[in-house]
Each structure stands twice: as structure tokens, then as C-alpha cells.
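Read the numbers this way: they start at 1 and go in the same order the structure lists the ligands and their atoms. Small disclaimer: the values here were computed from a predicted structure and weren't measured.
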Amino acid sequence: MKHQLLLVLIFLGATLNALNVIGQNPILIIPKPRMAEQSRGVFTLNPKTSLFAPDGLLKKAKQLKGYFEPALGYDLSISSKRANKDLIEFKLDNTLKRLGEEGYQLKITPEKVSLTAFTEKGIFWGIQTIRQLLPNQINRSATVKGVAWEIPCVSIEDNPRFKWRGLMLDCSRTFIPKEQVKKYLEAMSYFKMNVLHMHLTDDQGWRLEIKKYPELTSICSKFHESFREPKENEGFYSQDDIRELVEFAAQRNIEIVPEIEMPGHTTEVFAAFPQLSCTGDTLKIHPWTKGAGVHNEVFCAGNEKTFEFLENVLKEVAELFPSAYIHIGGDEAPKMYWKACPKCQARIKDNGLKDENELQSWFVKRIEKYVNSKGKKLIGWDEIMDGGLSSSATVMYWRAWDKSVVQKIPLIENDIVMTPTSHCYFDYTYEKISTERVYSYEPIPAGMSGDKTQKILGVQANFWSHLDRTAPRMDQQLFPRIIALAEVAWTDPGKRDWIDFKSRLEPKLTYLDITGINYFGKK
Ligand SMILES: [Zn+2]
């Protein structure tokens with residue numbers, strides 16, 4: 001009898017709880033927060049709404065104004081006095097250190113929106129949550145009439161599961177214009193992603209201005225004329241462009257990690273600097289579909305000029321990008337020319353190396369020393385483990401099909417970013433990697449537990465631009481899969497549910513429509 005009474009009480013409680021929020025907009029945030037409790041009522045933005053923030057957060061208050069004022073059609077004032085109602089308030093609070101530097105607390109009542117965090121970063125993610133709680137129309141760039149700008153009352157406490165929530169854009173195979181990169185940065189921040197890895201160099205073109213070597217852009221950023229490639233597929237970012245992108249990203253909590261490929265995927269360099277390869281041949285830069293996907297020509301590891309060149313390049317890269325990391329590629333470097341090259345063989349002999357794999361390892365370690373001397377950490381594709389790797393380098397794991405690599409993952413001591421071809425390769429079709437498949441991904445590998453899991457920094461989608469080369473095609477390869485990955489990277493696995501995610505994704509597609517982003521399945 002007692003038991004039955006308890007059940008009735010539980011049922012009543014659940015019903016009352018549901019009634020609390022009946023008729024109100026549900027909480028539809030992506031990524032799903034750690035904790036969200038909705039309560040009755042709404043806060044409504046109106047011309048009397050004012051912002052109150054300490055000096056250190058005025059920039060963030062202005063950012064919120066920038067997001068909302070175009071659609072509202074009126075100004076939200078920043079007030080030096082804390083109003084009793086119609087108030088949006090930002091606060092920093094040291095006791096929220098327990099949520100980490102990206103965590104935040106958001107309390108919304110009919111009178112005020114109160115956003116508190118340990119750092120400015122947390123405040124920024126809280127602002128994204130507020131954006132997502134408002135009607136999608138708030139993202140329009142012109143005044144929208146007739147919408148009630150209501151935010152459901154809710155109490156949220158939130159922080160990310162992983163600190164690396166990334167997207168790699170291959171800007172080499174096809175040049176991706178600055179404005180398109182900004183569009184992706186903006187959408188990434190809306191879904192709380194925080195790393196943009198720019199693959200700036202590869203066989204199809206060098207895309208970064210280096211003052212010391214103007215030929216890298218005057219020659220190496222262009223396809224050979226014999227291929228009659230459309231002009232828009234080539235080009236480069238000037239150093240001013242990069243500074244602009246870095247600043248644009250930083251305002252949105254996003255770090256841009258630059259990648260300069262070596263020792264392979266570097267034949268574009270040999271279009272102007274043939275003396276840096278083992279063969280000395282001048283190569284023609286071709287679109288990916290019109291030549292080898294992986295070339296045998298790589299940087300000569302026995303030639304001191306190679307290191308002089310790379311260090312001069314990396315010096316400028318380190319100065320341009322404030323990121324803690326420099327990515328040096330390291331993937332798919334065939335060893336046939338190293339085997340035949342007297343200089344490379346002399347290097348192997350002089351350093352007591354066993355073979356060409358150890359030569360690659362020697363190469364990477366030498367470059368790592370230089371990268372470290374510039375105050376940066378080295379990261380590379382998982383091939384940098386071949387032949388031995390220093391424990392301070394970070395590995396970007398991609399070879400999901402190779403059992404010998406997969407088995408190594410739980411054993412290695414290095415920090416790792418998970419980007420396996422099985423779930424994270426967004427140049428693959430949706431038939432191969434569906435949004436649901438991305439959503440099902442668990443970045444902590446089987447066999448890893450306890451403190452070891454701390455080695456997994458996070459997860460990243462990789463988009464290679466060899467086949468999908470126009471903006472609408474690229475958009476479609478990225479969206480909506482990237483939104484699923486954003487939740488994988490942020491939300492605890494126990495909170496993830498595909499059906500629930502789909503119900504939240506549907507309204508977010510309207511955000512993509514409004515911001516001009518194409519996506520797979522768009523009607
Ligand atoms: Zn060589």
C-alpha cells in the first residue's frame with residue numbers, strides 16, 4: 001500500500017513538473033547543457049531592457065548587443081546602474097572555478113537574465129545559450145517585426161566535456177575565401193566549438209603569405225596554367241587576412257591552429273624551391289583529381305637548407321598565430337626518395353638511425369625543438385608516432401582503419417585529438433558517415449579509463465576540399481554533421497540521446513537558413 005502511494009506521489013510530481021512548463025517553448029539548446037531546469041514564465045527583451053556588466057565584461061555586453069540589435073530594431077542600453085527588472089546582468093565569480101574556464105551559470109527569471117562565470121570565456125558561451133533560447137529570428141540582420149522576444153525561464157549550469165572541439169578546413173586543395181571561413185567560425189561559436197585547424201599547405205597550393213619567401217604565394221599558391229583551373233580555387237591569405245581571422249575567431253572563443261605540412265604533401269613548394277626535395281625536380285601544381293593524391297617527392301631530410309627554410313617559415317607562423325600549437329602535418333610521407341638519396345642516407349648513418357621511419361622521427365623531433373623554442377607545442381597526424389615520438393608532442397589520430405594504430409592509442413603517453421576516418425571525415429558522403437553515425441561517436445577509446453582518459457584532449461571533424469569545392473557543397477558536407485559533433489565534444493555521454501538530439505536539431509536548421517548556410521537534407 002505504502003509502495004502504491006509512493007508511486008502515485010511520484011506520478012503527481014512528474015505531472016506537476018510537466019505542467020510547470022506546459023505551453024512554453026521547450027529548452028532546445030545544442031550542445032545539451034550539463035544541467036537545465038525550466039520553470040514557469042519568460043523573460044522578454046524589450047526597448048527598456050538594459051545590460052549591466054563590470055568593466056572587464058563590457059566587451060561581451062557589446063557583443064550581445066551586436067547579436068540582438070539588428071533583429072530587434074532598437075538599442076539595448078549598457079547601464080551603470082543595476083535595474084530591478086528588464087535586466088541582463090553579467091558577473092564573474094571565483095567560486096565558479098569548479099566549472100572550469102569555459103563553464104557558466106545562467107539564471108533566467110521574468111525580471112532578469114543573470115549570467116555568471118569564472119572567466120570571460122564562460123560568459124561568451126552563456127551568451128550563445130541565450131541566443132539559442134530566443135526565437136531563431138533574432139539571428140536576422142534586419143529588423144523583424146511582430147515577434148515576442150521571449151526567453152523561457154530556466155536555470156542552467158554548464159561546462160564542456162572536452163577542451164578541444166575542432167574543425168579542420170583544408171584550405172589548400174581548394175582555397176577557402178576569408179568570408180567563408182568567417183561564416184564557419186560564426187556557426188562554430190554558436191554551437192560552442194573552439195578550435196579551427198587550418199590546413200594551409202599541401203600539394204595543391206601554399207595558402208599563407210610568408211614575407212621571407214614571396215615565391216610561396218606568387219608561384220606556389222597557383223595551379224599550373226596547363227590545368228586551366230578556375231581562378232577562385234587558388235589564392236592565399238595575406239598576413240593581414242590571418243590577423244583578421246585570428247581576431248574574429250578570438251572574439252568567438254575560437255583558437256586557430258595553423259598547419260604547415262612536412263615532410264610530405266609538399267610538392268607545391270617544389271614548384272618554386274625544387275632544391276629542397278631529394279630529386280631536385282620542379283613540379284607542376286595540379287588539382288587533386290588530375291594527378292597523384294600522394295606524391296613521392298618530399299622534403300630532403302639530409303639537406304640543411306630544408307631546415308633553414310622550414311624554420312624561417314615557422315618563425316613567421318609562430319608570430320602570426322597566437323595558438324599554443326603549430327601543426328606540422330607528418331602524414332603520408334613516402335620514403336622511396338629518402339632511400340635513394342645520398343644526403344638522406346648520410347643523415348641516417350651519422351645519427352645512428354635504423355631506417356627511414358626513424359629518419360622521419362628525427363625530422364619531427366628536430367622541428368619540435370624549434371617549435372618549442374618559439375613557445376609553441378607541436379601537433380601532427382598520427383604518423384608522427386612512427387619511428388618514435390617525444391612525449392611532449394600531441395597526436396592527431398586519424399588512421400581508424402589501421403588496427404596497429406588503433407591498438408596503440410590507449411597505450412601512448414602523448415596528448416591525443418581524436419579525428420578518425422570512421423566518424424570524423426566530413427569529405428566522406430552522408431551514406432558513409434551519416435549525422436547519426438557522427439552523433440554515436442565516443443571519443444574515449446575502448447580500453448582507456450581513469451586518469452588516462454585525460455590524454456584525450458577532444459575531437460575534431462576534418463574536411464578535405466579535394467572533391468567538394470564550392471561554398472554550397474562545402475556547407476553541405478559540414479552541416480548538419482558538425483552540429484552532432486559539437487554535442488559529442490561538449491555533452492556528457494550519459495546525456496546524449498539521438499532522438500532527443502534530432503528534436504533539438506530541427507529548429508537549429510532554421511538558424512542555418514537564416515545565416516545562409518547550406519546543409520545536407522535542405523528542402
Ligand atoms: Zn634527401
Next item on the list: Have a look around the Zn ion (ligand 1) and list protein N/O/S atoms under 2.8 Å, or say none.
Entry: Cys278 SG, Cys300 SG, Cys341 SG, Cys344 SG
Margin query: Looking at Asp355 and Lys335, is any side-chain nitrogen of the basic one under 4.0 Å from a carboxylate oxygen of the acidic one?
Written below: no
Next item on the list: Examine Phe175 together with Tyr237 and report whether their ring centres are nearer than 6.0 Å.
Entry: yes
Next item on the list: Please identify each residue that fulfils salt bridge (Lys or Arg N to Asp or Glu O under 4.0 Å) with Glu255, with sequence neighbours left out.
Entry: none
Note to self: Can you see whether Asp203 engages His295 through a side-chain donor-acceptor pair at a distance of less than 3.5 angstrom?
What the structure shows: no
Note to self: Under the side-chain hydrogen bond (donor to acceptor under 3.5 Å, both in side chains) test against Gln239, which residue among Lys211, Glu316, Glu244, Glu319 passes?
What the structure shows: Glu316
Margin query: Does Arg252 qualify as a cation-pi partner of Phe248, given the criterion of NZ or CZ under 6.0 Å from the six-membered ring centre and within 45 degrees of its axis?
Written below: yes
